[in-house]
Amino acid sequence: MVGKMKETTTSLDALIDKAGGCAVVDGGFATQLEKHGAAINDTLWSAVCLIKDPGLIKRVHLEYLEAGADILVTSSYQATIPGFLSKGLSIEEGELLLKKSVALAVEARNSFWEAVKVSPEHHHYNRALVAASIGSYGAYLADGSEYSGDYGPNVDLDKLKDFHRRRLQVLVEGGPDLLAFETIPNKLEAQACVELLEEENIQMPSWICFSSVDGENAPSGESFKECLDMINRSNKINAVGINCAPPHLIESLICKLKELTSKAIIVYPNSGEIWDGKSKRWLPSKCFDDDKFECFATRWRDSGARLIGGCCRTTPSTIQAISTVLKGKPQ
Ligand SMILES: C[S+](C)CC[C@H](N)C(=O)O
Ligand SMILES: N[C@@H](CCS)C(=O)O
Ligand SMILES: [Zn+2]
């Protein structure tokens, strides 16, 4: 176990405590947009709805709150300023859309909480936190490289920092509670995220989640030891873990991460289906339904995860199952 750095109690710690030691993250956001008929086969993927259907984004946030999510992840996973520019929008319009992604989640959280906090039978709900999603460079490339970590020879630390810097600044200005770096596939990008948080002197809690395809290492093949040694040196990262990896790999990954860090462990796997970056579709594979997630969630909590949710191809019913098993049945 790695020594603890000087840390202060954050809104994330408080939420985890309030949730009884393990808080519930929401589920597949793009997946739920698609369930409602959104067409997201686009270079912006789910972020296209920020332009075309912001009302649907808010509806999906509300569905995850209703299901018991303690943390909403915003619609900004694949929302980037260069991505918006490529659609003919101006920098100003792109920045407004990034802030809108935060505002939509905050509005959903506030209206849901106003409605439930006065209702005694809803004591299993907590006031949710809003985590601004910061998808990896590979997500922006839209070539599946968030699952390979292969960014080619021309991508160095400065390029990744340049890519992430302005979006990070704008999302922070939007006023989320947390920052969520998602599907980071290699050590270089994790380092870029950590250095940016330091350089920009960001004061809100953050998590970094890696994808993983082999259940052992980051997708790039770099060991989680290498990645976590670097992350542990920063007190700007409050939680570290895995998202959008198959659920059957998660328990052993939690055990591995526990050995490597004293930071909170977060896991929000996908359904087990595999994303084909070329044909842009999910390939059927060993796939897990809500019952299985219910049983996995207790094992993940008992193995040491403090934040548990779902990623692609999971839905509000998955989150309802996780929330019920971790927090008790809704009355
Ligand atoms: C998490 S993956 C399924 C997101 C979509 C991908 N970045 C693409 O645009 O193809
Ligand atoms: N927050 C994103 C992650 C995609 S891997 C989503 O749920 O759509
Ligand atoms: Zn995912």
Side-chain angles (χ1 to χ4, degrees), residues 24-36 38-50 56-57 60-61 63-64 67 69 71-80 82-84 86-87 98 101-102 104-105 130-151 163 167 171 176 178-185 189 207-213 219 241-247 249-250 266-283 285 287-288 293 307-316 318-319:
V24 177
V25 183
D26 67 7
F29 185 77
T31 300
Q32 189 63 5
L33 291 173
E34 282 190 302
K35 291 233 166 199
H36 289 303
I40 62 167
N41 191 347
D42 186 279
T43 50
L44 294 180
W45 200 48
S46 53
V48 77
C49 288
L50 280 166
L56 183 59
I57 290 177
V60 169
H61 287 318
E63 289 171 336
Y64 276 117
I71 298 181
L72 292 179
V73 181
T74 64
S75 49
S76 47
Y77 177 78
Q78 212 150 306
T80 64
F84 288 133
S86 75
K87 297 286 180 192
L98 286 171
S101 71
V102 177
L104 288 165
V130 169
S133 171
I134 301 170
S136 57
Y137 181 64
Y140 158 70
L141 293 178
D143 62 356
S145 55
E146 65 260 69
Y147 301 106
S148 70
D150 184 3
Y151 290 167
F163 167 73
R167 174 170 57 161
L171 286 171
L178 312 168
L179 295 172
F181 295 97
E182 301 194 282
T183 42
I184 301 298
E189 189 163 23
W207 76 59
I208 289 191
C209 280
F210 293 88
S211 42
S212 179
V213 285
I242 307 291
N243 80 291
C244 219
L249 303 180
I250 296 296
I266 170 167
V267 292
Y268 54 109
N270 58 32
S271 65
E273 290 152 278
I274 311 277
W275 177 251
D276 180 344
K278 285 210 169 64
S279 66
K280 292 203 172 290
R281 64 193 176 98
W282 290 97
L283 303 176
S285 183
C287 185
F288 299 91
F293 264 84
L307 295 148
I308 296 177
C311 203
C312 296
R313 312 289 279 173
T314 68
T315 66
T318 320
I319 298 311

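Positions are given from 1 along the sequence. Note that ligands are numbered from 1 as they come in the structure, with each ligand's atoms numbered from 1 the same way. Only this structure's heavy atoms are used, side chains among them; waters, hydrogens and symmetry mates stay out.
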message = Just to be sure I read this right, does ligand 2 sit under 4.0 Å from the backbone of Phe29, its side chain, both, or neither, counting only heavy atoms?
response = both
Geometric N/O contact Tyr147 with ligand 1, under 3.5 angstrom = no
ask   = Where on Glu182 is there a heavy atom closer than 4.0 Å to ligand 2, on the side chain, on the backbone, on both, or on neither?
value = side chain
task = Indicate yes or no: does an N/O atom of Cys311 lie under 3.5 Å from an N/O atom of ligand 2?
result = no
key: ligand 2 versus Trp45: contacting region, heavy-atom distance under 4.0 Å   = side chain
task = Specify whether Phe163 and Tyr140 have parallel, tilted or perpendicular ring planes, treating 30° as the upper limit for parallel and 60° as the lower limit for perpendicular.
result = tilted
query = Mind checking whether Glu146 has an N or O less than 3.5 Å away from an N or O of ligand 1?
reply = yes
message = Tell me whether Ser46 reaches ligand 2 (any heavy atom closer than 4.0 angstrom to a ligand atom).
response = no
key: Residue part near ligand 2, for Ala139, under 4.0 Å between non-hydrogen atoms   = neither
inquiry  = Are any of the N/O atoms on Trp45, whether in the backbone or the side chain, positioned under 3.5 angstrom from an N/O atom of ligand 1?
reply    = no
key: Protein-derived N, O or S atoms lying under 2.8 Å from the Zn ion (ligand 3), waters excluded   = 3
query = If you measure from each non-hydrogen atom of Cys244 to ligand 2, which part falls under 4.0 Å: side chain, backbone, both or neither?
reply = side chain
key: Whether Ala139 lies under 4.0 Å from ligand 1, heavy atom   = yes
